[in-house]
Each structure stands twice: as C-alpha cells, then as structure tokens.
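Bear in mind the structure is a predicted one, so any value in this text is a computation, not a measurement. FYI, side chains are in, hydrogens and waters are out, and symmetry mates aren't considered; it's all heavy atoms of this structure. So that the names make sense, note that chain A is the first sequence line, chain B the second, and so on, each numbered from 1.
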Amino acid sequence: MLAAAYIIASTLFIISIKLLSKQNYARLGNGLSALAMLIAMVATMMQYTVLNYELVFTAIGLGFLVGLGVARLVKMTAMPQTVGLLNGSGGLASLLVAVAESTRVSASADFQQVVIALTILIGGVTFAGSIVAFLKLARLMPSRPIVAPLHRVINGCLLIASITALLAIEYYPAYQVILLSAGIALILILGISAVMTIGGADMPVVISLLNSYSGIAACLAGFILSNNMIIVGGALVGASGFVLTMIMCKSMNRSLATVLFGAKRVVHQEASTSKKPVAFTPKAINPVDAYYRLEAARTVMIVPGYGMAVAQAQHALSELGDILESNGAEVYFAIHPVAGRMPGHMNVLLAEAGIPYDKFVEPDTANPLMPNIDVCVIVGANDVVNPAARDRKDTPIYGMPIIDADKANTVLIIKRSLATGFAGVDNDLFYKDNTIFLFGDAKMMLTDVILEFRDQLPGA
Amino acid sequence: MDANIALLLFIFVLTLFLGFELISKIPSRLHTPLMSATNAISGIILIGALYLCSQVDVMDNWLTASLVFIALFLAAFNVFGGYIVTDRILKMFKHSQHDKAKNKKGG
C-alpha cells in the first residue's frame with residue numbers, strides 16, 4: 001500500500017520535472033508535483049500512525065500559512081532571496097531530521113552514523129549558505145565577495161573538524177550532545193564562510209548549487225530512515241539542481257571550482273589590450289535624441305541586465321516595447337542565461353511586466369539577428385555584452401558566450417556611469433563608433449523617452 | 001540491512017542519472033520556475049519528519065519532539081511556499097496571442 005503510493009508519487013515527480021521544461025505544460029507539471037507530494041504525505045501518515053496529531057498539524061499548518069503568505073506577498077524583484085530562503089529551510093529541515101534521529105537511536109550502525117554526519121554536513125551548509133545568500137541578495141549585507149585570508153585552508157579545517165566531531169559520537173557516546181553541537185556549529189560556520197566569498201554576479205551559480213544541495217541533504221536523510229520515496233525526491237532535485245549549476249557555470253565561462261573556491265580572479269588590467277582610445281569621450285545623448293533614434297528604428301533588440309532589476313525598470317521597458325511595436329518596429333528582448341542574480345531572473349521580471357515570453361530570445365537566437373538590428377538597447381547589462389569575451393584572450397571573461405550587441409547598427413547603452421561590470425573588465429563595447437550613451441537611472445531615462453514618444457506621436 | 005542499503009543505493013544512483021537526463025534541454029526562461037518547483041520537491045523530507053512523529057511522543061522525549069516539530073514546520077514552508085510561488089511565476093508567462101498559444105508548440 002505504502003509502496004504503491006510511493007511509486008505513484010515518484011512517477012508523478014519525474015513527469016512533473018519533464019513538464020516543467022516545457023512552456024505550455026509547466027504549470028501542469030508544478031501541480032502534478034504538488035499532488036505527488038500530497039500523495040506521499042497522506043500515504044506516510046496512513047502507514048505510520050502519528051502519536052501526536054496536534055503537534056503535526058500545528059507545525060504543518062504554520063508552515064502552510066507562512067509559505068502561503070511569503071509566496072503570495074513577495075515581490076518578483078525579491079524572488080532570488082525568496083528562493084534562497086526556501087532552499088535554506090529545506091536544508092535545515094533535513095539537518096533537524098538527522099539530528100532527531102541521532103538523539104533517538106542511541107546505538108546505531110556504522111553506516112547510519114556516517115550518513116547522519118553527511119546529512120548534517122550538507123544540510124548545514126545548505127542552510128547557512130542560503131541564509132548568507134539571502135542576506136546578500138536582500139542587500140542586508142554587502143554583495144561583494146568578502147574573503148578572509150587563507151579562507152580555503154580555514155574552510156578545509158572546518159570541514160575536517162566538523163566531520164571528526166560528528167563521527168566521534170560513535171566512540172564517545174557519553175559526549176553525544178557536545179560533539180553533535182560542535183559538529184553542527186562548525187558546519188554552519190563553514191556554510192557562512194563559503195558563501196561570504198562569493199560575489200553578486202556569481203549568485204546564479206550559488207543559488208542553483210544550494211538548490212542541488214537541499215535535494216542531496218533530503219536524499220541523505222532518506223538513507224538514514226531507509227525511505228526510498230525521500231531518496232527519489234531528493235536525488236531528482238540534487239541532479240536537476242546540479243545540471244542547472246553547470247548551465248550557469250558554462251554561461252559565465254567559469255568552472256564550478258573557481259566560483260566556489262576562488263573568489264579572487266586575477267585581472268591583468270595593465271596587460272590587457274583594451275581598445276580604449278587615449279582620450280575617450282563617450283557619445284552621450286539626451287532622451288530626445290534617443291527618441292529620434294528609436295522612432296526611426298525598424299528592429300530593436302533590448303538587452304536587460306541586473307541593473308534593470310535594481311532600477312526596477314522592467315515596467316518602463318515593457319511600455320517602451322509596446323510603444324515601439326505600435327510604431328511599427330520589431331522588438332525582441334535578448335536575455336543572457338546569467339543576467340541577474342538567479343537563473344531566469346530577467347525572464348521573471350519581464351514576464352511580470354507583461355511582456356509575452358515569445359519576445360524573449362536566448363543569445364543563440366539573438367546573435368544571428370544582430371546585424372539586422374537597427375538599435376540595440378542595453379539596460380543595466382555589462383559583462384554579457386562585452387566583445388572582449390570574443391576578442392581578448394587575456395581577460396577573465398574570454399570565451400564566455402555573450403550577446404553580440406556590438407554587431408547591431410547602433411548600440412544605445414542606458415547606464416549610470418562607465419564603470420566596469422562584475423568581472424572588472426573594461427567593456428570594449430563602450431568605445432565602438434556605433435555606441436551611444438544615455439547616462440542616468442534606467443527607469444528615469446526610459447520614462448523620459450516614453451514621454452517624448454507620447455508628445456511627438458500621440459497616436460503611438 | 002546490507003541488502004537494504006544496497007537497494008537504496010541502487011535507487012539513488014538510477015534516480016540521479018534520470019534527473020540528469022530529464023532536464024538536459026530547458027529554455028532559460030523556465031530556469032526560475034524549475035528551480036523553485038524542484039526546491040519544493042526537496043521538502044519531501046516532510047515525510048521523514050512525519051515518520052519520526054510515529055516513533056516519538058512529545059511526552060517521552062521533548063528534545064526529539066521539538067526538533068521534529070521545527071523540521072515539520074520548515075519542510076511544510078518549503079513545500080507550500082515553493083509550489084505556490086512557482087505557480088505564481090508560471091501564471092505570469094504569457095504568449096502574445098495567449099488564446100491560440102495554449103496547445104501549440106511549447107518550450
């Protein structure tokens with residue numbers, strides 16, 4: 001009976017993940033996944049009689065209410081930190097199940113002791129790491145990398161010390177509470193220290209990796225309890241999160257190891273053959289000029305980046321897109337996979353602003369279109385449009401797949417200043433002859449351009 | 001016990017490979033909902049906490065019981081929050097001709 005329910009639930013989980021990768025069936029997939037979860041819960045409660053229903057229903061009810069509240073009220077711009085928070089709570093739940101089991105079973109087998117230690121390890125790193133990611137994404141702490149001297153050595157020591165403490169429980173059962181607490185404390189410090197060193201633009205990798213970890217933590221807890229349903233669910237999440245992590249790494253041309261262990265990237269600024277002219281004056285224009293350029297354009301490619309999210313400019317961008325379309329232009333939104341702070345961040349924001357998803361194009365589709373684009377508007381993106389990724393072998397971003405904005409006839413960059421992007425590499429795009437700048441806050445500048453359209457073309 | 005562990009490891013390895021295969025081709029615009037939905041699946045640990053509730057009584061062991069209580073709360077938050085927020089995100093994605101698009105080419 002329980003086995004049958006678990007098989008049905010596992011099948012539904014697998015189908016749901018498959019459906020989640022298809023636009024038209026993604027909502028159905030999410031629903032099926034929720035149904036699978038419900039089946040697994042009900043079947044478990046029918047098989048194992050809960051001794052204290054008040055406790056169970058209070059806890060689940062509270063979790064439901066908080067989950068509902070957060071999921072309903074959170075702003076789309078706050079989605080990266082929300083996902084971080086959800087990852088963290090999953091990781092902590094797995095850790096607590098492992099701890100509860102180790103306090104309950106006094107003399108457990110070797111295998112179980114090792115798995116309990118591993119669950120605490122991964123669950124603890126997931127939890128502490130997610131909390132730091134949450135704080136960084138919510139801007140409650142600086143998002144730049146904070147690197148302690150010798151942090152790799154320190155992290156390695158923390159890991160070894162924590163495992164030692166957790167595994168020592170088997171040999172010194174009298175000190176169980178102390179060893180357990182010490183092991184957990186050390187692993188939490190490791191989680192904090194590991195994510196501290198990671199900068200804002202690397203967050204898409206970290207968020208997807210923590211997603212993977214939360215699955216692995218659950219999976220390990222499934223081994224402690226010999227529950228195949230938890231193992232299947234956890235392993236699916238672990239694997240899918242890992243694939244996503246690899247996609248993110250590939251999209252930013254970094255290996256997982258460099259994101260995790262090496263926050264400092266060696267940037268040889270002086271050696272780099274930047275195409276910066278000796279006396280460079282950016283071609284700055286005002287919103288009226290921008291209006292004339294855009295009004296004349298037949299094809300417009302818009303490239304959003306994290307700066308758009310910060311300026312909350314997605315609604316203004318959507319409005320501009322509508323105006324350009326009613327003016328007869330073809331409008332596309334080129335979205336780089338790592339633009340923003342989590343996988344798919346830009347898509348979520350633009351969808352929220354009401355832009356239909358068939359206007360979104362990935363770099364592979366956007367790049368062949370570029371030579372025919374009249375104006376490419378760049379809003380808050382930097383490294384992902386830097387041609388140095390194609391041309392300059394000595395830059396850290398060399399080889400990273402980019403959006404070839406420089407191949408458009410005119411490049412209009414809406415930006416506050418000429419500062420470099422996260423990678424710290426001078427953007428060669430700035431010095432191209434066909435590049436013009438609209439300096440200022442993205443939302444304000446877009447609004448000004450929209451107002452100009454309204455004045456000049458009341459019909460549009 | 002050993003045969004059982006071997007069986008669980010067998011399931012684990014196969015599921016990992018299945019998971020790798022399942023999402024090889026996913027449009028990047030669906031990355032966020034995929035992540036938040038799979039995130040909710042990792043709340044499956046909820047049933048582990050439920051199982052512990054059948055083994056532990058609050059009266060017998062308050063420490064274990066309170067650990068399990070917090071675990072249940074967090075897992076439920078993970079599950080419900082994850083699914084609801086994913087649905088909210090997916091509801092926002094619209095095709096320019098949304099009526100027609102329903103059953104036509106996906107992905």
Undergrad: Measuring heavy-atom distances to chain B, does Thr49(A) have an atom under 4.5 Å in its side chain, in its backbone, in both, or in neither?
TA: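 Only the backbone of Thr49(A) comes within 4.5 Å of chain B.
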
Undergrad: By a 4.5 Å heavy-atom criterion (distance strictly below it), what part of His336(A) contacts chain B: side chain, backbone, both, or neither?
TA: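 Contact with chain B involves no heavy atom of His336(A) at all.
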
Undergrad: May I ask you to test the Ser28(B)-Ile335(A) pair for a side-chain heavy-atom distance under 4.5 Å?
TA: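 Answer no - side chains too far apart.
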
Undergrad: Does any heavy atom of chain B fall under 4.5 Å from the side chain of Asn87(A), the backbone, both, or neither of them?
TA: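 Both the backbone and the side chain of Asn87(A) come within 4.5 Å of chain B.
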
Undergrad: Picking from Asp87(B), Leu34(B), Val68(B), Val79(B), which has the most non-hydrogen pairs under 4.5 angstrom with chain A?
TA: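 Going by pairs under 4.5 Å, I would pick Asp87(B).
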
Undergrad: Look at Ile47(B), Ile26(B), Leu50(B) and state which one has the largest set of heavy-atom pairs under 4.5 Å with chain A.
TA: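 Of the options given, most contacts go to Ile47(B).
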
Undergrad: Return the orientation label for the Phe93(B) and Phe360(A) ring planes: parallel under 30°, perpendicular over 60°, tilted otherwise.
TA: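 Aromatic pair Phe93(B)/Phe360(A) classed perpendicular.
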
Undergrad: Need one label for Met79(A): side chain, backbone, both or neither, based on atoms under 4.5 Å from any heavy atom in chain B.
TA: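 Just its side chain gets close to chain B.
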
Undergrad: Which residue out of Ser240(A), Ser251(A), Ser212(A) racks up the most heavy-atom pairs below 4.5 Å with chain B?
TA: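 Of Ser240(A), Ser251(A), Ser212(A), Ser240(A) has the most heavy-atom pairs under 4.5 Å with chain B.
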
Undergrad: Evaluate the ring planes of Phe17(B) and Phe20(B), with Trp represented by its six-membered ring, and classify them as parallel (under 30°), tilted (30 to 60°) or perpendicular (over 60°).
TA: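 Correct class here is perpendicular.
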
Undergrad: Go through the atoms of Leu73(A) and report whether side chain, backbone, both or neither lie under 4.5 Å from a heavy atom of chain B.
TA: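 Looking at Leu73(A), just its backbone touches chain B.
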
Undergrad: Can you tell me which of Ile41(B), Ile23(B), Leu72(B) forms the most heavy-atom pairs within a distance under 4.5 Å of chain A?
TA: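 Greatest number of close heavy-atom pairs with chain A: Ile41(B).
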
Undergrad: Side chains of Tyr83(B) and Ser33(A): is there a donor and an acceptor less than 3.5 Å apart?
TA: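 Distance-only check passes for Tyr83(B) and Ser33(A).
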
Undergrad: Need one label for Thr44(A): side chain, backbone, both or neither, based on atoms under 4.5 Å from any heavy atom in chain B.
TA: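 For Thr44(A), the side chain is the part near chain B, not the backbone.
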
Undergrad: If I measure from the heavy atoms of chain B, does Leu350(A) come under 4.5 Å with its side chain, its backbone, both, or neither?
TA: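 Looking at Leu350(A), nothing touches chain B.
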
Undergrad: Between chain A and each of Leu46(B), Ile11(B), Leu52(B), count heavy-atom pairs under 4.5 Å; write down the option with the most.
TA: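 Winner by heavy-atom pair count: Leu52(B).
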
Undergrad: Against chain A, work out which of Leu9(B), Leu14(B), Leu63(B) has the most heavy-atom pairs shorter than 4.5 Å and name it.
TA: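 When all of Leu9(B), Leu14(B), Leu63(B) are compared, Leu9(B) has the most.
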
Undergrad: Given side chains that start at C-beta, do those of Ile224(A) and Thr119(A) come closer than 4.5 Å, heavy atoms only?
TA: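 Yes; the side chains approach each other to less than 4.5 Å.
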
Undergrad: What residue in Thr86(B), Leu67(B), Ile44(B), Val85(B) has the most heavy-atom pairs under 4.5 Å with chain A?
TA: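 Going by pairs under 4.5 Å, I would pick Ile44(B).
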
Undergrad: Out of Ala34(A), Pro337(A), Ala26(A), which one racks up the most heavy-atom pairs below 4.5 Å with chain B?
TA: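 That would be Ala34(A).
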
Undergrad: Is there a side-chain contact between Arg29(B) and Gln23(A), using heavy atoms and a 4.5 Å cut-off?
TA: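 With C-beta onward as the side chain, the pair touches.
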
Undergrad: Decide if atom OH of Tyr53(A) counts as having more than 12 heavy atoms of other residues, nucleotides or ligands within a radius under 6.0 Å.
TA: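 Atom OH in Tyr53(A) is crowded, with more than 12 foreign heavy atoms closer than 6.0 Å.
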
Undergrad: When you compare the side chain of Phe333(A) with that of Ile355(A), does any pair of heavy atoms fall below 4.5 Å?
TA: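 Yes, at least one pair of side-chain atoms sits under 4.5 Å.
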
Undergrad: Do the side-chain N and O atoms of Ser96(B) and Tyr357(A) include a donor-acceptor pair separated by under 3.5 angstrom?
TA: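 Judged by distance alone, the side chains do not pair up.
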
Undergrad: Whether the Thr64(B) and Thr103(A) side chains hold a donor-acceptor pair (N or O, under 3.5 Å, no angle test) is what I'd like checked.
TA: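 Thr103(A) and Thr64(B) do have a side-chain donor-acceptor pair below 3.5 Å.
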
Undergrad: Drop me the distance from His31(B)'s NE2 to Ser21(A)'s OG, to the nearest 0.5 angstrom.
TA: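 Rounded to the nearest 0.5 Å, the NE2-OG separation comes out at 10.0 Å.
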
Undergrad: For the atom pair CD1 (Ile5(B)) and OG (Ser226(A)), what is the distance rounded to the nearest 0.5 Å?
TA: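 Ile5(B) CD1 to Ser226(A) OG: 7.0 Å, rounded to 0.5 Å.
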
Undergrad: So which part of Ile70(B) gets closer than 4.5 Å to some heavy atom of chain A, the side chain, the backbone, both or neither?
TA: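 Both backbone and side chain of Ile70(B) come within 4.5 Å of chain A.
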
Undergrad: Among the options Lys359(A), Arg27(A), Lys18(A), pick out the one with the most heavy-atom pairs lying under 4.5 Å from chain B.
TA: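 Top option by heavy-atom pairs under 4.5 Å: Arg27(A).
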
Undergrad: Go through the atoms of Phe127(A) and report whether side chain, backbone, both or neither lie under 4.5 Å from a heavy atom of chain B.
TA: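 The answer is neither part of Phe127(A).
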
Undergrad: State plainly whether the residues Glu352(A) and Lys91(B) are in salt-bridge range, i.e. N to O under 4.0 Å.
TA: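 So Glu352(A) does not pair with Lys91(B) through a salt bridge.
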
Undergrad: Taking the six-membered ring for Trp, are the ring centroids of Phe223(A) and Phe12(B) within less than 6.0 Å of each other?
TA: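 Yes, the ring centres sit under 6.0 Å apart.
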
Undergrad: Sort out for me which of Val56(A), Ile230(A), Ile14(A) touches chain B most, counting heavy-atom pairs under 4.5 Å.
TA: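 The candidate making the most pairs under 4.5 Å is Ile230(A).
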
Undergrad: Please classify the contact between Phe64(A) and chain B as side chain, backbone, both or neither, with a heavy-atom cut-off of under 4.5 Å.
TA: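 Contact with chain B is through both the backbone and side chain of Phe64(A).
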
Undergrad: Above 12 or not: heavy atoms from other molecules or residues under 6.0 Å from CZ of Phe69(B)?
TA: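 Correct, the count exceeds 12.
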
Undergrad: Against chain B, label Glu362(A) side chain, backbone, both or neither, depending on which of its atoms sit under 4.5 Å from a heavy atom there.
TA: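 The side chain, not the backbone.
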
Undergrad: Let me know if Val74(A) has heavy atoms under 4.5 Å from chain B in its side chain, its backbone, both or neither.
TA: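 Both parts, heavy atoms under 4.5 Å.
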
Undergrad: Ala40(B) versus chain A, heavy atoms under 4.5 Å apart: side chain, backbone, both or neither?
TA: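 For Ala40(B), backbone heavy atoms alone lie under 4.5 Å from chain A.
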
Undergrad: Need one label for Met246(A): side chain, backbone, both or neither, based on atoms under 4.5 Å from any heavy atom in chain B.
TA: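 Neither part, no heavy atoms under 4.5 Å.
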
Undergrad: If you tally heavy-atom pairs under 4.5 Å against chain B, which of Ala239(A), Ala100(A), Gly67(A) wins?
TA: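 Most pairs with chain B among the choices: Ala239(A).
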
